[in-house]
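Below is one structure, written out as structure tokens; the observations come after it.
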Protein chains: 2
Amino acid sequence: MKTLSRKDEIISVASHLFNEKGYKAVSMRDIAQAMDIKASSLYNHISGKQEILSEIILKVAEEFTFGMKKVVSENSSAIEKVEKVIEMHIDITVNYSEALAALNNDWMHLDNTDLIAFVKMREDYEENFRSIIKQGIKAGEIKQYHPEVILFSILSTLRTLYLWYQKRGKLDVNILKKDMVSVLIKGIL
Amino acid sequence: MKTLSRKDEIISVASHLFNEKGYKAVSMRDIAQAMDIKASSLYNHISGKQEILSEIILKVAEEFTFGMKKVVSENSSAIEKVEKVIEMHIDITVNYSEALAALNNDWMHLDNTDLIAFVKMREDYEENFRSIIKQGIKAGEIKQYHPEVILFSILSTLRTLYLWYQKRGKLDVNILKKDMVSVLIKGIL
DNA sequence: TAACAAAACTAACGCTTGTTAGTTAGAATT
DNA sequence: AATTCTAACTAACAAGCGTTAGTTTTGTTA
């Protein structure tokens, strides 16, 4: 196991604090204090507060983008693809649960190019998911509900999962996958 | 139609700004500027920034508490109660969509007694919902999934609804209710 | 052990924050 | 007409913010 670089430590500590109070409510002095150093020392490792935020958010956003790309390229039914997306979400949630707080609540504090990049990734992601659902409806695999309502319903649950995962003490991943797939899929078959 | 008091105007403007950027990212000067007055003038109507936040959040939280109390006291099946809860959520979302942003994302910035009161209301609310679901499972109306997973899945969707309602341009309430009830209920029958 | 790099420190900067004090202009009430 | 109320204003405060410059400590390598 590789040891964390000092920069990675900062990002990890910051993720934890952002998760609790949000980006704007956490100061550089807060982050430094949690590491038992002074705020100015942080600047030996990172260029500023913005860099911390964008590293946290964009890293996870890229995971989602990559995962979705993989699912879309697969040769399988729409329902199977939806299952894969659900499982991907759960895997990312388990590995990055604190970063997901920043991604969900603080993305609007990204600046300029990072903000644009993030919004684009998010829109593309949703559009890909929407396509899978539409395909499934057309193929008769999925009920004829408004695709937007199905998309919204599933995505809301997946995007909020990090909160419940943190609260209900780190549930078993495989059980979680099985239950979530059941509950989210059975309703649309 | 009663005209808004100056205090209510402040709360309305603040809700809008909190909805866009979050409580900590909005300054008293921002709120004042949006009303074309100076920040210090706000203090003729409210005691401070904290009061604005707690008025926004607690008012909606009490709506939820009241609505849930009403549903619980009804003499109807578990599934009917779940339907009522969904419809109540949609009604509140339509009437307070901007306040819901603060309730969901900024509740942790409430202080002392307000924070305690809010967390209690939230826990009670979830516990009531959980009971309805457990009843429904015991009565054979609802599938034998883990109650926590059903609770989480439905509640996530309802709690995030305000975001979609804002984005997809104010959908028709009755259509929304019908679709949401279908999608959320059919999966657990 | 001398040299070098990594990572901490102190001190301070200009700016923004929530809030207070004291004042003023206009409207409503007596 | 005199008084009170409402709601705005200017000016300032102490504290906190992100960040920079320059210096010192720490640990590794030659």
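Just so we're on the same page: letters track the sequence lines, and every chain starts at 1.
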Interatomic distance where OH belongs to B:Y43 and P belongs to C:dG18 [whole Å]: 7 Å
Residue A:K84 excluded, over 12 heavy atoms near NZ under 6.0 Å: no
Side-chain N,O (B:S27) to OP1/OP2 (C:dT16) below 4.0 Å: no
Any A:K38 side-chain nitrogen or oxygen under 4.0 Å from OP1 or OP2 of C:dC9: no
For atom CG of B:N44 and atom C1' of C:dA25, their distance in whole Å: 13 Å
Euclidean distance, atom NE2 of residue B:H45 to atom P of C:dG18 [Å, nearest integer]: 17 Å
Spacing between A:L42 atom CG and C:dC9 atom C1', to the nearest angstrom: 13 Å
Value in whole Å for how far the C1' atom of C:dT17 lies from CZ of B:R29: 6 Å
B:Y23 backbone acceptor or donor facing B:K49 side chain under 3.5 Å: yes
Heavy-atom neighbours of A:E127 CD exceed 12 at 6.0 Å: yes
Sugar-phosphate only, base, or nothing, as touched by A:R6 at under 4.0 Å among non-hydrogen atoms: sugar-phosphate
Length of the CD-C1' vector between B:Q33 and C:dT16, whole Å: 14 Å
Atom-pair distance (CD1 on B:I37; P on C:dG26), nearest Å: 18 Å
Heavy atoms of other groups near A:E9 CD, more than 12 under 6.0 Å: yes
B:N44 side chain to B:S41 side chain, donor-acceptor N/O pair below 3.5 angstrom: no
Sugar-phosphate, base or nothing in reach of B:S41, heavy atoms under 4.0 Å: base
Outermost nucleotides of DNA chain D that come under 4.0 Å of a non-hydrogen atom of chain B: D:dA7 to D:dA12
Value in whole Å for how far the P atom of C:dT19 lies from CG of B:L53: 12 Å
Aromatic ring proximity, centroids under 6.0 angstrom, A:F118 and A:H109: no
Centroid separation B:H89 to B:Y125 less than 6.0 Å: yes
